Amino acid sequence: MGSSARFVASAAVGGLVLLCLSSPVAAQDGAPAIARVAALSAGSIAGLVQDEQGTPVRGAIVSAVGATTVVAYTDRLGKFELRTLSPGPYLVRAHMNGFVAPRGQVVEVRASARSSSSIELRRVTATEPSTTTPAAPANTIPVLTASIAGEKGPAPETAAPAPDDKDPKTIDTSIDEDHGEVAWRLRHARRGILKDAAVPDDVAATNGPDPAGIFNKPMFPEQSSVPRFATNLLSSMPVTGQFNLLTASSFDSPEQLFSADSFARSIAYVSLVAPAGQHADWSMRGALTQGDLSSWFLAAAYTTRAPRQYEVGFSYSTQRYDGGNPAALREVTDGNRNAGVVYGDDTFAITPGVSVTYGARYARYGYLSGHGLLSPSVGVTVTPADGFRISARASSQALAPGAEEFQPPSEAGIWLPPQRTFSSVGSEGTLQSERTTQVSLSAERDLDVLGASAVTMRVFHQRVSDQMVTMFGMDTPDAPGSEVGHYFIGDAGNVDATGWSAGFRSTAFSRVRGSVEYTTTYTSWARTADTAYMILLSPFAVRPLTDRVQDLSTSIETNVPETATRVLVVCRLSNLHATSNSDRPSYDSRFDVQVRQSLPFMDFSNARWEMLLAVRNFFREASPDSSVYDELLVVRPPKRIVGGLTLRF
């Protein structure tokens, strides 16, 4: 034992001596070593996968073969990113069932830089001849054939002539390859000793080790082998998502950002998305916040892809207020409010040129008396020619007071739990829902201008019952209201509206997407019993008997792959925004600005950190079925700023 300890001590002392002697040499060669490490820093490839019509292709597998091999899937917008690539040339290809894969692109990856690539897939038409995979020789069974995901049906009885491996021109390139991730990895795996191994008939026969055929019987009828079932199961289980640590604050003036009236709250948000089979996805989202207003929400959805697309889901939100605002506590005796929503939408094609979309949403709000709110919709889209679409839609939407605090936002919105309290302006404290019934007809034409572009025209008519007015910074006679953390809701009456709109959207240089839409609406009002009370609080919120609304909406989204920056800007300008200090129409704007910056110094192989900063004064999310006055009759909405970190994996 003592000799072993002396040996270890001697080895340690000798190692220290050698380290001290070699340090001058390392110091002399330090600069070249650092230069070589910097030159070999990893880069990345980001891009977009579209079909021949410019539509993003979701779920396509993108591969890069070079110094290293990396695989990624495209998201809902057709975007992909291949990270941690060693510098050098890479062959980039995209694969997707139902599409013809193009020739590979050679992309040069530079150190600490992001290269861009745009790939176009062509859809397989019904006139294209179907192909089959050539069978193996009759006396052998390839080991790897049964384990490739996506292979269906028995092997052909007659064997196709084997191509000559020495002559690449004789290779059959018309074989319908499986474009799954596992099959792709098997095809690109390094050649090993089992690459071309074959199993003789006597070994593969069922009368050998398993005479009854028990172990050779597939677990499910559609699976021809246990390895293939395991491969398909694992290949359909990749989970993506994100985790947000955010801080949200509302303010009416810049000075409030540094005061207690800003109502800053910390928010934790998590999202998980995974494929459910080959033609569907499931998603789950949740968020919570803590403070004098504790709230959380949970939402889940199941969505299918082509050929028939439908979506079902639900969401549930709740808030508990422990503050001392009498206006917030007046209508909620126990301090709790909750809401639940169940919805479903279905789109199917009757013919190649005619498709039908229908759906319904049922919402139940615990603070409203009576039954739940049902919002059905139906639409028909006709495609008389390539690139030209005509759509007709009818809907009836029920909107509850304070619904924007509980409903999940659109795809472009930031998911936040209930953040503010609300109450009615009347002394009786009754909240009433709004109902908007609408019919519309629209036409859309694709253009080859500035990339993938489209021009839209739309005419509509809607009837609104109990149009809501939302007021911030108001003081009622019986209860003072908070400046930004509480708002009041009133009834402005009933309105009929008829209008038209024209719009243009385009994708320029695969980096910038933008749209602009102009809308003109002529309205007529019918007053109700609450109109007189509304005149005392906000005179401009009560509209004259006839109105003309002019509205201009724009949006710009850009992605800069060199700096890993994404920017979204949405702006809406109108001539009839309600104000609290004027009795005449005034031009005002609503805006939403989001900046997402990737953090490369926190990059991992399967995860990416982003910094998020967003500022907006929109109160409601835009919807094609909403009233034209929903956003116009929001008096003095405060600005909301959201910032924090996002982890995407």
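This is a predicted model, so every value here is computed, not measured. Quick note: residue numbers are just sequence positions, from 1.
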For [X], enumerate each residue passing the side-chain hydrogen bond (donor to acceptor under 3.5 Å, both in side chains) test, keeping only those at least two apart in sequence or located in another chain.
{"X": "Thr303", "result": "none"}
{"X": "Ser391", "result": "Thr381"}
{"X": "Thr456", "result": "none"}
{"X": "Asp625", "result": "Arg393, Ser395"}

Residue pair [X] / [Y], side-chain heavy-atom distance below 4.5 Å:
{"X": "Val569", "Y": "Thr558", "answer": "no"}
{"X": "Asn559", "Y": "Arg511", "answer": "no"}
{"X": "Ser623", "Y": "Gln397", "answer": "yes"}
{"X": "Ile61", "Y": "His95", "answer": "yes"}
{"X": "Phe618", "Y": "Val570", "answer": "yes"}

| For Gln242 and Tyr269, does a side-chain donor sit closer than 3.5 Å to a side-chain acceptor? | no
| said: Under a 3.5 Å threshold, yes or no: a donor from one side chain and an acceptor from the other, between Glu517 and Ser501? | reply: yes
Check whether any side-chain N or O of [X] sits under 3.5 Å from a backbone N or O of [Y] as a donor-acceptor pair, and report yes or no.
{"X": "Ser117", "Y": "Gly47", "result": "no"}
{"X": "Gln597", "Y": "Thr563", "result": "yes"}
{"X": "Thr304", "Y": "Ala280", "result": "no"}
{"X": "Thr74", "Y": "Ala60", "result": "yes"}
{"X": "Glu81", "Y": "Pro561", "result": "no"}
{"X": "Ser115", "Y": "Glu108", "result": "yes"}

| salt bridge (charged side-chain N to carboxylate O under 4.0 Å, His left out): which pairs involve residues 47-57, sequence neighbours left out? | Asp51-Arg123
| Got a sec, which pairs hit salt bridge (charged side-chain N to carboxylate O under 4.0 Å, His left out) with one end in residues 343-360, sequence neighbours left out? | Arg308-Asp346
Looking at residues at least two apart in the chain, or sitting in another chain, which of them share a salt bridge (Lys or Arg N to Asp or Glu O under 4.0 Å) with [X]?
{"X": "Arg566", "value": "Glu610"}
{"X": "Arg361", "value": "none"}
{"X": "Glu444", "value": "Arg389, Arg505"}

| query | Around Ile556, counting heavy atoms of other residues, nucleotides and ligands shown, do more than 12 lie under 6.0 Å from its CD1? | reply | no
Taking atom [atom1] of [X] and atom [atom2] of [Y], what is their separation to the nearest 0.5 Å?
{"X": "Trp609", "Y": "Thr646", "atom1": "CH2", "atom2": "OG1", "result": "9.0 Å"}
{"X": "Leu246", "Y": "Ile414", "atom1": "CG", "atom2": "CD1", "result": "7.0 Å"}
{"X": "Trp500", "Y": "Phe460", "atom1": "CH2", "atom2": "CZ", "result": "10.5 Å"}
{"X": "Leu82", "Y": "Thr69", "atom1": "CG", "atom2": "OG1", "result": "11.0 Å"}

Which heavy atom of [X] sits nearest to which heavy atom of [Y], and what is that distance?
{"X": "Val92", "Y": "Ile119", "result": "CG1-CD1, 3.9 Å"}
{"X": "Phe406", "Y": "Ser317", "result": "O-OG, 3.0 Å"}
{"X": "Gln438", "Y": "Pro624", "result": "NE2-O, 2.6 Å"}
{"X": "Glu120", "Y": "Pro102", "result": "O-CG, 3.5 Å"}
{"X": "Leu121", "Y": "Ala94", "result": "CD2-O, 3.7 Å"}

Any residue meeting side chain to side chain contact (heavy atoms under 4.5 Å, CB included) with [X], in chain and number order, not counting sequence neighbours:
{"X": "Val109", "value": "Ile45, Leu85, Tyr90"}
{"X": "Val312", "value": "Tyr302"}
{"X": "Leu298", "value": "Met284, Trp296"}

